[in-house]
Amino acid sequence: MRYEIRLAGSGGQGIALAGVVLAEAGVLEGHYVVNTQNYGPEARGGSSISEVILGDVEIDYPKTLELDLLLALNQKACDENLCDMKPQGLVIVDSGLVDTALWGKVLRVPLSRRAQAKFNEPRFANMVALGTLVPFCPWVSSRSLSKAMANRTPPKTLQMNISAFQIGLRLGRRLRASVKFEEIEGAIEV
Amino acid sequence: MRYEIRLAGSGGQGIALAGVVLAEAGVLEGHYVVNTQNYGPEARGGSSISEVILGDVEIDYPKTLELDLLLALNQKACDENLCDMKPQGLVIVDSGLVDTALWGKVLRVPLSRRAQAKFNEPRFANMVALGTLVPFCPWVSSRSLSKAMANRTPPKTLQMNISAFQIGLRLGRRLRASVKFEEIEGAIEV
Amino acid sequence: MTETTHLIHSYLRSSKRFPHVWCPGCGIGILMGALIRAIDHNRYSKDEIVLISGIGCSGRLPTYLDFNTLHTTHGRALTFATGIKLAKPSLKVIVVMGDGDAAAIGGNHLIHAARRNVDITAIIVNNQIYGMTGGQSSPTTPLGMTTSSSRYGNLEPAFDISRVVEAAGAAFVARSTVYHTRLLEQLIGKALHKRGFSVVEVICHCVTHVGKATHMNSAVEMMNWQRDNAVSVRKAGTLSAKQLEGKIVTGVLVDREAPTFHEEYEKLVARVGVDDSAV
Amino acid sequence: MTETTHLIHSYLRSSKRFPHVWCPGCGIGILMGALIRAIDHNRYSKDEIVLISGIGCSGRLPTYLDFNTLHTTHGRALTFATGIKLAKPSLKVIVVMGDGDAAAIGGNHLIHAARRNVDITAIIVNNQIYGMTGGQSSPTTPLGMTTSSSRYGNLEPAFDISRVVEAAGAAFVARSTVYHTRLLEQLIGKALHKRGFSVVEVICHCVTHVGKATHMNSAVEMMNWQRDNAVSVRKAGTLSAKQLEGKIVTGVLVDREAPTFHEEYEKLVARVGVDDSAV
Amino acid sequence: MKKNKRNERLLLQGSEACARGALQAGCRFYAGYPITPATEIMEAMAWELPRVGGVFIQMEDEIASLGAVIGASLAGVKSMTATSGPGFSLMQEHISFASMAEVPCVIVDVMRGGPSTGLPTLAAQGDVMQARWGAHGDHPVIVLAPSSVYEFFDLTIKAFNLSERYRIPVILVADEMIAHMRESVILPRAEESELEERPRPTVPPEWYAPYKDPGTGVPPMPAFGEGYRYHVTGLAHDIRGYPTIRRDEVGELMARLFNKISKDLHLLQWFDSCYAEDAVVTVIAYGSVARPALRAVKRGREKGLKVGLVKLKVLWPFMRRTVMGFLATSTKVLVPEMNMGQLSREVKRVNQGQCEVLTLNKVDGSMITPGEILAKLEDIYP
Amino acid sequence: MKKNKRNERLLLQGSEACARGALQAGCRFYAGYPITPATEIMEAMAWELPRVGGVFIQMEDEIASLGAVIGASLAGVKSMTATSGPGFSLMQEHISFASMAEVPCVIVDVMRGGPSTGLPTLAAQGDVMQARWGAHGDHPVIVLAPSSVYEFFDLTIKAFNLSERYRIPVILVADEMIAHMRESVILPRAEESELEERPRPTVPPEWYAPYKDPGTGVPPMPAFGEGYRYHVTGLAHDIRGYPTIRRDEVGELMARLFNKISKDLHLLQWFDSCYAEDAVVTVIAYGSVARPALRAVKRGREKGLKVGLVKLKVLWPFMRRTVMGFLATSTKVLVPEMNMGQLSREVKRVNQGQCEVLTLNKVDGSMITPGEILAKLEDIYP
Amino acid sequence: MKGRVEIYEGWCKKCGICTAFCPQDVLDTTGDGYPFVRAPEKCTGCGWCEIRCPDFAIVVSPYEEEQEK
Amino acid sequence: MKGRVEIYEGWCKKCGICTAFCPQDVLDTTGDGYPFVRAPEKCTGCGWCEIRCPDFAIVVSPYEEEQEK
Ligand SMILES: Cc1ncc(C[n+]2csc(CCOP(=O)(O)OP(=O)(O)O)c2C)c(N)n1
Ligand SMILES: Cc1ncc(C[n+]2csc(CCOP(=O)(O)OP(=O)(O)O)c2C)c(N)n1
Ligand code: SF4
Ligand code: SF4
Ligand code: SF4
Ligand code: SF4
Ligand code: SF4
Ligand code: SF4
Ligand SMILES: [Mg+2]
Ligand SMILES: [Mg+2]
C-alpha cells in the first residue's frame, strides 16, 4: 500500500516545511516514508512542490505516480498538478487563492484567510492546511503531526504553527463530518 | 635498411646536441631519421643518451634495437651500453675517459684530450666525436654534418664546433685508413 | 517613461523575462542599474562590450543585458576575460564576480589579472556571503557572523579585497556600497575609463542570507547600515585605524598609470614583425 | 667534523644518496642548511616536524631531510599543510615552495592561508623562474628578462610576494637572500617561532636558468648581485621609492599578533563541547 | 549528533545520512567548498564535527579541500569531502595523488545534470565514468553508489572502511535525488557498525619501509608525528618512498597498486537482486534509477513477464563476476541510466555477446519513471 | 616560422611539429602553463605567435590557460593549449564548459607516466580514458592520437578543423615519446592544407538564435563584437542561450550535442593498417606503441605468421566500425598499451565475443618493444 | 512638485527601498506591500527612488515636462 | 689561524662559492675546479664557507679544539 501526497504552491508559502512535517508524522506513525521537494531557481518565488509518499512496505519509486491527495496553495499549482491525480484522489485548495479546480473531489478551504485572520500574515496557511488534511488522510494523525511539528519547526514559531494547525484541524473535522465522502462530486467549500 | 647509433655520456658532455646534429645530417642526406634522447633528472649531471636511427625506409620502432655504432664518452656509458651492440657493431670511446671496453671492434680516440688541447675545455669532445665517426658511418658525410652543425648549433660556438669536428674528422680518417675493418678485434687506439 | 528608465530598458534584453531572478530588495539589481548607466555614459556601443560573469547570484547579471555576454565557471571569469581581451583588444571587457567567485575560488586569477594589468574592469559584488548556494561564509564574511556553514560563528578573518588587489598591482581600485548609488555609478564610470586592470568593490546586501544572519530583516535596514558605516576616502584619511574599524571606506582607493599587458604585447608584435606570409 | 656540519648531517637522511640533485652552486642547498640550523636552534624534535613541499626544484628539498616529509602537487602544498596542522595541531608544519609553486599556480592557497592565519611556516624559494621545467618565466621574473617562455623579454610585471601576503593577512613576513645566510637562518628561526602564518621569502639564485638569462654565469656572480642589491628594512626606511627600485629589502617586514585558526577552532570545540559519546 | 537508538525510525535527508555515516565511521575531518546539491553534507559536518572534537574547515576551493583532506589523513585522521560535478572535476589531480601516495580518504560526488554548470538542482548519473577515469594516469579507485537514504549512510561507512583497508581514495557517487530526498530509516547503533582502520606498522621506525608490500599489497601506514619519519610523494617511488625511475621499482609499485584491489575483487561484489534468478530480461541499475527499475520489475512480474533486477552498489571496480553471472541466465539486459550510457558500456564489455544489452537513457533532468522502464521491458521482451 | 618548402625534408621534434601544425591550421592564440613533457609546445608557440601577429600568454595555471583559450575562441580566434597529466586533470572543468557552450578549441595532452606526478619524463598512455571521461557530466569530445612526428603535425591541423566544424573541444593525446622525439618529415605547404572554419551566421543579428540547430547539429557562431550579441553559459540553455530547466529544451540540447558528432561517425574512422586484411591475429595500437607493433607484425609475417596491424588515429569517439570490421576476420586481437589496459576495454566492448581480445601492458616508463609484441603474438598465435 | 513617480507593479517586488530612502518622504506602502505616491506634491524629482530600485519598477519623470506635453 | 677547513670532494660540485666569499681569502681553486685551502694561516674559523656551501661539502672546525685532541 502506498499513499501519495503532493503539496504545491509558490516559494515562501512554506511548502517544503509542510512536506517535511508531514513526512516526519508518517515516520512517527511507523510508516515507510519518502519526501522529496523541488530545488532550484523556482524556489525563489517560483513554484514550489513537495511530495510525501507513505507506505506499509518499503517505497521503491520515490516520486509520486498517482496522487491520493493534492494540496494546492494557488491557482497555478492547482492547474499544473491536477493531471497527476489518481481517479478517486482528493484535492484540497486554498479557497482564497484558487478560483477553479476542475476535479471531482475538491475541498475548498480558506487556508490563508484563516491564517491572516489569526496571525495577521498568511504564511501560516501551510500549517492550517496540514490540520485540514488530517481527517482525510488515514496515514497520519493529529498527534503524530503535532509531534512532528515540534520536532521540525523552529521553537520560536512552534506555538503559532500549532495553533494554525489546530485551526485547520477543526476546519477539516467539520468538513469530514459534513460530507459523505462517496458523494463528493465537484467542490465542497467551507 | 636501418642503421642505429647511440651516443652515451653524462650530462654536460653535449650528447643531446651531437645527436641532433647527427640526425640533421642524416636528414640532409635524404634518409629517414629518428632521434631520441633521455630526459629527466639524470640530465643534470647524470647519464645522458641520445639515439639516432637512420633508414632508407620509414623507421618503425623509434628506439634502437641493436647498435651499429656506439659512442661512449665515459666508462659508465661504455659499460652500460655494450650489451645493446649488434655483433659486428663498432664502438668508439673517448680514450681519456674510458679505460676498458670489452668489445670486439673498439676505436679508442682521445676526444676530450684533443678538445681540451685545442679549446682549453673538454666540452667540444662531442663534435670531435662526430668528426671521428664520419669515416666509419656510411650514412652521413662530412659535408652533411658540417651543414647540420651550421643549422643546429648556436652561431657563437659554430666556429669552434666546426674546428673540433675537423679535428675529429682527421683522426677518424687516419684511423679508417690504418685499420682493415674486418680485422679489428679488440681495441684500436689513436 | 523618463530618460533614466528608458535608458535602462534600452539595455535590457527584450527576450528575457522580468522581473529578474534576484530576491526582493537584493542589491545586485541596484548595481545592474548603475553599471548600465555608467556604460551608457561612457558611450560604449553595445557591440563592443563583453560582459562576463562567474557563477553565483551576481553571475546571473549578464544574462539580462544586451551585450556580448558570457556566464563562465565559478571563479574563473577573469581567465576567459583575459583571453577575450587579448584576442580582440578592441572589445571593452567587463567582469562581474561575487565575493566567493572573485576572492575564494577565483582569488588567484584576480591577483594575476591585477599583476599583468590586463585591460579589464572587474566589478566585485561583495555581499559577504555565498548567496547562490544558500548562504555559506565567504572570504569576506565578517568574523563571528553565523552562516549556514558557520552556525557557531565564522572563525576566519575577512579579506580586504581592495587591499589585496592593490598589493597585487591593480591600476585602479575603488569601493562603494549600493546605497551610494550615484557614487557607485561614478566609480564604475571611472573604472571603465581607466587603461589597465580596474576593480570596483561593491558592498552589496544579500537580504536573504546576510539579512537573516545579521538580524537585519530587510533591504532597507541593510542599506541603512551601509549608509551609516561608509566613510569616504578623504574622511578616512583623518581617522585613526581604531576609528576605521568596521567602516567601509568608499571612493577611489588606487589610481596609477602602468602599461597594460596588451599594449606591451602589441609593441612586441610590432618589434618582431608581423610576418603572416610566413605561415 | 665540526658541530655545524655534524648537526646538518644528523638531519640528512642517511638512506638518501648525496650530493643532492640540485645544480652546482644552486642556492636551494644553502637554504636547506639554514633551515636545518634554524629548526635545530628552535629545538624541535624531528618527529614533530612535518616538512612539506610542492613541485619544483625546491620541491625536492624535503626528500633529503629526516622529518615527516611530504612532496605534494604543484602549487597545493599549503592545502595539505592546512589539513595536517588542523588534524594534529601538535605538529610543527613547515612548507617549502618555489615562486611558481607559491605565487603562480598556488597563489590562492597562499593568500588564504595568510588570511586564515593557519599556524604554518611557509618558505618561498624565490628564484624568479620555473627551475624544474627548464626556465620559464614565473610571476616573480623581472620585467624584460628573457626566459625560455619569454625569449623576447618578459612582458609581465612581477609580484612583490611579501606585499601580497602581507595584504592578505600574514602574521609574519620576512625576506632574505641566500647570500645573507645567517640572516636567513635567523629569520627562518623567527618565523618558526611565530604563532600564526609566517612567510619567509628567500631570494635564491637559479644558476642554470636565471644565470643564463641574466648573463651571470656563476653562482658567485649571482650571489654578488644579491649582496649588492639587498637593503635592510631599517635602511630601506630612509630611502625613497626611486632609490629602492630594483632593491631587495631584507629583514622582518611584518610581525603582528592575531589569533590562529586552530586556536579559534579549539575554543569553538571547547564551547560546543566534545561529546564523543554521542557518536 | 544524537545517538542512534535501537530500532528508532527516523526521517533523514540523504545528505544527513551521509554525514551521520561518516561520523559513525570515525571521520573527524571534513574540508569542503559549497556546491549544490552537495552543500547539505558540508553543512551537516560543519555542525556536527566540532561537537565530537573533529575538525571542519571550508576551504577556498575544491582543490584545496581535497588537499586538506589528504593532509589530515596523513596526520592519522579519517577524512572526507563532498562536492558535485564542477568541483569533482577540480579534484581529479588530487585523487590521482591520493591513489599514488595511497592515502585513505572518502570523496562524495553528488551528481547533478551536466556537463558544465548544467542543471545544478536536478539529478543525473553523468559522472559515473569520470569517477573511474577522471584523474590522469593509471590508478585504481573504488566507487560506490547508494540508492536510498539508508544506503547512503551504510555505504559511507563502508567507503571509509574500504579506504582504510586498501589505502585508497573511495568515491561515493550519489545522485541529487538520493542526497536531497528524505526517507524513513532505522540506523544501526554505533556498536553495531563494523569499522576498519588502516594497517599500522608493527616494526620499529628503523625497520619501517613505507611502501613495501607486507604480503597483502597494503603497506602499514603510521600517522605523521608517530615517530615513523617517512617520505610521501606523488612521484613514482621505491619501497622507501623515495622518487625512482627504475623500471623494476616502478613496475612493482604499479603492480602492487592494482593488485591490492584486484586480488580482492570477490569481496567487492555488492548488489541486491530481485527476481533475477530466473529472469529472461534482467535490468541492471544503480543509484536512484534502481528504484523505478524495482517498481517496473515488480509490475512486470505482475504482468507475467520474467524480468528481474540487479542493483549494483559497487560501480568500480566493475562487478564483472556478478554481472556475468546474471547475464548467463538472461537473453536480454536493460541498463537504464540518467546519462547517455555509461555503465551500460561496461555491461557490454563483460557481456561479450552472451546476450543483447539494451539501454534506456535520459539526460533532461527528470527521473526515469517505472512506466518508462516497464514499457521498454515489454517492448524488448522476447 | 619558416615556410614549408615543397618536398623539403626536415628534422623536427614532435612538439615543434605540433606547434607548426597549429600555426598552419590558423591558430593565433595560445595560453598555457609549463609542464614536462609538453613545455616545448608552449615554448615554440611563445616564439612563433608574436611573429605572425598572434597572441601567446603564459597563465597562472592550467585552469586559467584553458579559460583564456575558450575566451579567445569566443572572440573569434582559433586557440589552443598543451599540458600533461596533472595539468590535464585541472583542465577538466573547462573541457566540460567548452563542450556545453560549444566553443571550438584544441587541447594537447602529452602523456607521461602516472598517476600523480608519476614519471614526468617518461612516456605513457595513461590518460586515454581520461581524455574521454575526465570531465563531469555527459558530453562528447573528440580525441586524436599521433604516432609520429608527421602525424603530430597533421593531426593538429585536423584537430583544429574538427573543433571548428563541430564546435567542440578536440583533444590530442600524444605520448612523451612522440612529443620529444625528432624525426624526418616532409610538411605540406600552407596551401596544401585544407582548413575548416566554424560555421558563421548568415542571418542578421535580430534573427540569430545562437543554439538553434540549423540542420547540421552545429549552430553558426559569430565572434564577440561582430554585432551578434548573444549569451553563452555553461548552464543548460535554450536555443537563445538562456538558462533553462525545461525538460524538452534540455533534452533537445543534449541530443543535439551528441548527435552532431554521432551522425558523422563514418567520417571519423581514421586509421592505418598493415597486413590486416587477412590477419588471423590483429594488433590494434595507437600512439608510439603502434611503431613497435608495426615492426613486430612485419617480423611476424617474415616468420610466416598471419598477423596484421590496425593503427587508430581517432581514439574517441571509438572507431567501432573500423575495429569491428577487422575483428570480423580475426580470431584473436592483441591490444598493446603503455597503461593497464584502457582502449583494450573498448575493443572488448565492441567485440562482443567475436574473437579473443588480449592485452599487453606496460606501465614502468619504458617502451613496449617489438620483441615483446612479437613474443606475445607467437605465444597466442592459434 | 517637480517629479512624477510611477510604479510598475508587474516588476515591483515590494522591497520597500524606494519608500524608505525617498529624501522627501513622498512614498508610502499599501496594505499589500506595494509602494504608492502618498505626497506627490513633495517630490523634487531627485530620482533616488528610481536608481535605487533593484527591479527597475519605479520611474520618475520631470513634472514640468509632463505638463508641456 | 683559528679554523681548520676540510673539503669533501665527493659532495663538492665545484661551484666556487666557498672560495669567492671567504672574507679572508683563505681558499683557492685547483685546476680541476675543486676548492683547496691556500692560506690556512689566515682562516678565522668564521664558518661562512661552511654555511654557504650548497652541498655541505666543506667543514670548518675550530683550530684550537683540533689541537687539544
Ligand atoms: C567549481 C564550483 N564550485 C562550487 C560551485 C557552487 N557555487 C555556485 S555559486 C557559488 C558561490 C556564490 O557566492 P558568490 O561568488 O559570493 O556569489 P553570490 O551568489 O554571493 O553573488 C558556489 C560555491 C560551482 N558552481 N562551481
Ligand atoms: C599541475 C601542474 N602543472 C605544472 C607542473 C609542471 N611543473 C613542475 S615544477 C614547475 C614550476 C617550478 O617552478 P617553481 O615553483 O618556481 O620551483 P623551482 O623549480 O623554481 O624551484 C612546473 C610548472 C606540474 N608538476 N603540475
Ligand atoms: S540570495 Fe542574496 S545575493 Fe542572492 S539574489 Fe537573494 S538577496 Fe541577492
Ligand atoms: S635549475 Fe636552477 S633552481 Fe633548479 S637546481 Fe638548477 S640552479 Fe637550482
Ligand atoms: S524622485 Fe526623489 S523625491 Fe521624488 S519620490 Fe523619488 S526619491 Fe522621492
Ligand atoms: S524599490 Fe522597486 S521593487 Fe522595491 S518596493 Fe520600490 S518599486 Fe518595488
Ligand atoms: S672559515 Fe671563514 S675564514 Fe676560514 S676559510 Fe671559511 S670563510 Fe674563510
Ligand atoms: S661551496 Fe661547496 S660545492 Fe661549492 S666549491 Fe665550495 S665546497 Fe664545493
Ligand atoms: Mg557573494
Ligand atoms: Mg622558482
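We name chains A, B, ... by the order of the sequence lines, and we start the count at 1 in each one. Hydrogens, waters and symmetry mates play no part in the numbers below; they use all other heavy atoms, side chains included.
Distance alone, capped at 3.5 Å, is enough to place a donor-acceptor pair between the Gln92(F) side chain and the Phe88(F) backbone. Side-chain atoms of Asp238(F) come within 3.5 Å of backbone atoms of Tyr242(F) as a donor-acceptor pair (strictly under, hydrogens ignored).
The contact between Phe97(E) and chain F is made by backbone and side chain atoms together, counting heavy-atom distances below 4.5 Å. Looking at Ile63(E), the atoms closer than 4.5 Å to chain F (heavy atoms on both sides) all sit in the side chain, from C-beta outward. Only the side chain of Leu122(E) has a heavy atom closer than 4.5 Å to any heavy atom of chain F. Neither the backbone nor the side chain of Ser84(E) comes within contact range of chain F; no heavy atom of the residue lies under 4.5 Å from a heavy atom of that chain.
Note on Thr233(E), Asp364(E), Thr117(E), Asp138(E): by heavy-atom pairs under 4.5 Å with chain F, the leading option is Asp138(E). Top candidate by heavy-atom pairs under 4.5 Å with chain F, chosen from Ser99(E), Gly251(E), Pro243(E), Ala135(E), is Ala135(E). Heavy-atom pairs under 4.5 Å with chain F peak, among Gln342(E), His139(E), Gln354(E), at Gln342(E). Of the listed residues (Lys362(E), Met111(E), Glu346(E), Arg132(E)), the greatest number of heavy-atom pairs within a distance under 4.5 Å of chain F belongs to Glu346(E). Between chain E and the residues Ser116(F), Gly85(F), Gly353(F), Gly137(F), the most heavy-atom pairs under 4.5 angstrom are made by Ser116(F). Between chain E and the residues Asp127(F), Val128(F), Leu235(F), Val250(F), the most heavy-atom pairs under 4.5 angstrom are made by Leu235(F). Listed options Gly114(F), Gly126(F), Ser89(F) were ranked by heavy-atom pairs under 4.5 angstrom with chain E; first place goes to Ser89(F). Chain E forms the most heavy-atom pairs under 4.5 Å with one residue out of Met91(F), Glu93(F), Arg112(F), and that residue is Glu93(F). Contacts with chain F were tallied for Met340(E), Lys348(E), Met254(E); Met340(E) has the most, counting heavy-atom pairs under 4.5 Å. With chain F as partner, the option from Gly87(E), Gly134(E), Gly365(E) having the largest number of non-hydrogen pairs under 4.5 angstrom is Gly134(E).
The two residues Ser344(F) and Val357(F) have their closest heavy-atom pair at O-CG1, 4.3 Å. When all heavy atoms of Val232(F) and Ala101(F) are compared, the closest pair comes out as CG1-CB, 3.6 Å.
Two residues are said to be in side-chain contact when any heavy atoms from C-beta on lie closer than 4.5 Å; Ile171(F) and Val173(F) meet this criterion.
Aromatic ring orientation, Trp316(F) versus Trp133(F): perpendicular (interplanar angle above 60°, classes split at 30° and 60°).
Around CD of Gln352(E), the count of heavy atoms belonging to other residues, nucleotides or ligands within 6.0 Å exceeds 12.
Separation of atoms CD1 (Ile284(E)) and OG (Ser330(E)) is listed at 8.0 Å; rounding is to 0.5 Å. For the atom pair Phe318(F) CZ and Leu265(F) CG, the distance stands at 12.0 Å (nearest 0.5 Å).
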